[in-house]
Student: 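Please see the structure below; I have some questions.
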Amino acid sequence: VQLQASGGGLVQAGGSLRLSCVVSGNIFVVNSMSWHRQAPGKQRELVAGPTSLGGTNYADSVKGRFTISRDSAKNVVYLQMNSLRPEDTVVYYCNADLLVNGVPPVRVPNVWGQGTLVTVSS
């Protein structure tokens, strides 16, 4: 199973980027996908992801600017990032909770992608 994130890059403050993360491999079903980010020397933090009640949880710092969406048929999750700020400059990681094929299928939580760097210039 592999998570491949893409879409990072350099953008000016106030600009936009869209990150993508696709899950591939011997997958039965993807239960949930989320986005996280980690600055050097800091803990990885949730940026956006589903709640247990079916809603969406966003970090306070990105509310109103970032939107997570998912194409379940393609096993892809997106993060639309608008009004980017220099403090959004970090590596972004996607995460998936999924079932791999088996009899029965086996749950594999916390699968991480390789990260994609977002750099916002002031």
Side-chain angles (χ1 to χ4, degrees):
V1 176
Q2 186 177 12
L3 273 64
Q4 183 69 43
S6 62
L10 174 63
V11 65
Q12 288 189 331
S16 298
L17 282 175
R18 190 177 81 154
L19 306 182
S20 301
C21 178
V22 59
V23 182
S24 61
N26 191 25
I27 301 163
F28 179 71
V29 70
V30 179
N31 293 324
S32 64
M33 298 185 75
S34 56
W35 285 99
H36 303 251
R37 65 186 183 184
Q38 186 170 22
K42 295 188 177 182
Q43 285 190 329
R44 193 168 295 185
E45 64 172 357
L46 174 71
V47 176
T51 67
S52 59
L53 297 178
T56 303
N57 189 26
Y58 290 95
D60 288 341
S61 59
V62 308
K63 284 180 180 176
R65 301 188 297 124
F66 291 10
T67 303
I68 187 172
S69 61
R70 182 179 163 188
D71 186 336
S72 297
K74 298 180 180 179
N75 287 331
V76 178
V77 65
Y78 303 99
L79 185 67
Q80 178 66 43
M81 305 186 295
N82 300 327
S83 302
L84 282 162
R85 304 167 180 170
E87 54 264 39
D88 295 319
T89 296
V90 286
V91 178
Y92 288 74
Y93 298 89
C94 55
N95 178 278
D97 182 312
L98 50 85
L99 295 172
V100 297
N101 285 315
V103 183
V106 176
R107 183 183 176 206
V108 181
N110 275 329
V111 182
W112 291 97
Q114 86 286 3
T116 184
L117 176 62
V118 171
T119 303
V120 184
S121 63
S122 57

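Computed from a prediction, not measured in an experiment: that's the story for all the values here.
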Student: For Ser34 and Leu46, which heavy atoms make the closest approach, and how far apart are they?
Tutor: CB-CD1, 4.1 Å

Student: Counting N and O atoms only, with roles assigned by atom type, does the side chain of Gln114 sit under 3.5 Å from a partner on the main chain of Gln4, one being a donor and the other an acceptor?
Tutor: no

Student: Considering only heavy atoms from C-beta outward, does the side chain of Trp112 approach that of Asn95 to under 4.5 Å?
Tutor: yes

Student: Check whether any side-chain heavy atom of Trp35 lies under 4.5 Å from a side-chain heavy atom of Cys21, and answer yes or no.
Tutor: yes

Student: Between Ala96 and Val23, which heavy-atom pair has the shortest distance, and what is it?
Tutor: CB-CG2, 4.4 Å

Student: Once salt bridge (Lys or Arg N to Asp or Glu O under 4.0 Å) is applied, what residue pairs with a partner in residues 107-122 remain, sequence neighbours excluded?
Tutor: Asp97-Arg107

Student: Would you compute the distance between atom CG of Leu79 and atom CE of Met33 and round it to the nearest 0.5 angstrom?
Tutor: 11.5 Å

Student: Quick one: CG on Leu117 to CG on Leu10, what's the gap to the nearest 0.5 Å?
Tutor: 9.0 Å

Student: Is there a side-chain contact between Val30 and Arg70 (heavy atoms, below 4.5 Å)?
Tutor: yes

Student: Look at the side-chain heavy atoms of Ile, Leu, Val, Met, Phe, Trp and Tyr, link any pair under 4.5 Å apart, and say whether Val100 and Val77 land in one connected group.
Tutor: yes

Student: Shared ILVMFWY cluster between Val1 and Val108, side chains joined below 4.5 angstrom?
Tutor: yes

Student: Please give me the minimum heavy-atom distance between Ala5 and Cys94, naming the atom from each residue.
Tutor: CB-SG, 4.1 Å

Student: Would you indicate whether the side-chain heavy atoms of Leu17 and Met81 approach each other to under 4.5 Å?
Tutor: yes

Student: Is Val62 reachable from Val11 through a run of hydrophobic residues whose side-chain heavy atoms are each under 4.5 Å from the next?
Tutor: yes

Student: Given 3.5 Å as the limit, does a donor-acceptor pair link the side chain of Tyr58 with the main chain of Ile68, or not?
Tutor: yes

Student: Hey, could you give me the OG/CD distance between Ser61 and Glu87, rounded to the nearest 0.5 Å?
Tutor: 8.0 Å

Student: Does some side-chain heavy atom of Asp88 sit less than 4.5 Å from a side-chain heavy atom of Arg65?
Tutor: yes

Student: If we only count heavy atoms from C-beta on, is the Arg37 to Glu45 side-chain gap below 4.5 Å?
Tutor: yes

Student: A side-chain contact here means heavy atoms from C-beta on lying under 4.5 Å apart; do Ser16 and Asn82 qualify?
Tutor: yes

Student: If I take atom CD from residue Gln12 and atom OG from residue Ser122, how far apart are they, to the nearest 0.5 angstrom?
Tutor: 9.5 Å

Student: Flag yes if more than 12 heavy atoms outside Tyr78 fall under 6.0 Å of its OH atom; otherwise flag no.
Tutor: yes

Student: Between Phe66 and Tyr92, how do the two ring planes meet: parallel, tilted or perpendicular, split at 30° and 60°?
Tutor: tilted

Student: Which residue pairs pass the salt bridge (Lys or Arg N to Asp or Glu O under 4.0 Å) test with at least one member in residues 5-24, sequence neighbours excluded?
Tutor: none

Student: Just wondering, do Asn31 and Leu98 contact through their side chains at under 4.5 Å, heavy atoms?
Tutor: no

Student: Report the C-alpha separation of Val118 and Leu19 in whole Å, then their side-chain angles, then the decisive distance to 0.1 Å, and conclude whether the side-chain contact (heavy atoms from CB on, under 4.5 Å) test is met.
Tutor: CA-CA 9 Å; Val118 171; Leu19 306 182; 4.0 Å; yes

Student: My understanding is that only residues two or more places apart in sequence, or in another chain, count here; which of them pass salt bridge (charged side-chain N to carboxylate O under 4.0 Å, His left out) with Lys63?
Tutor: Asp60

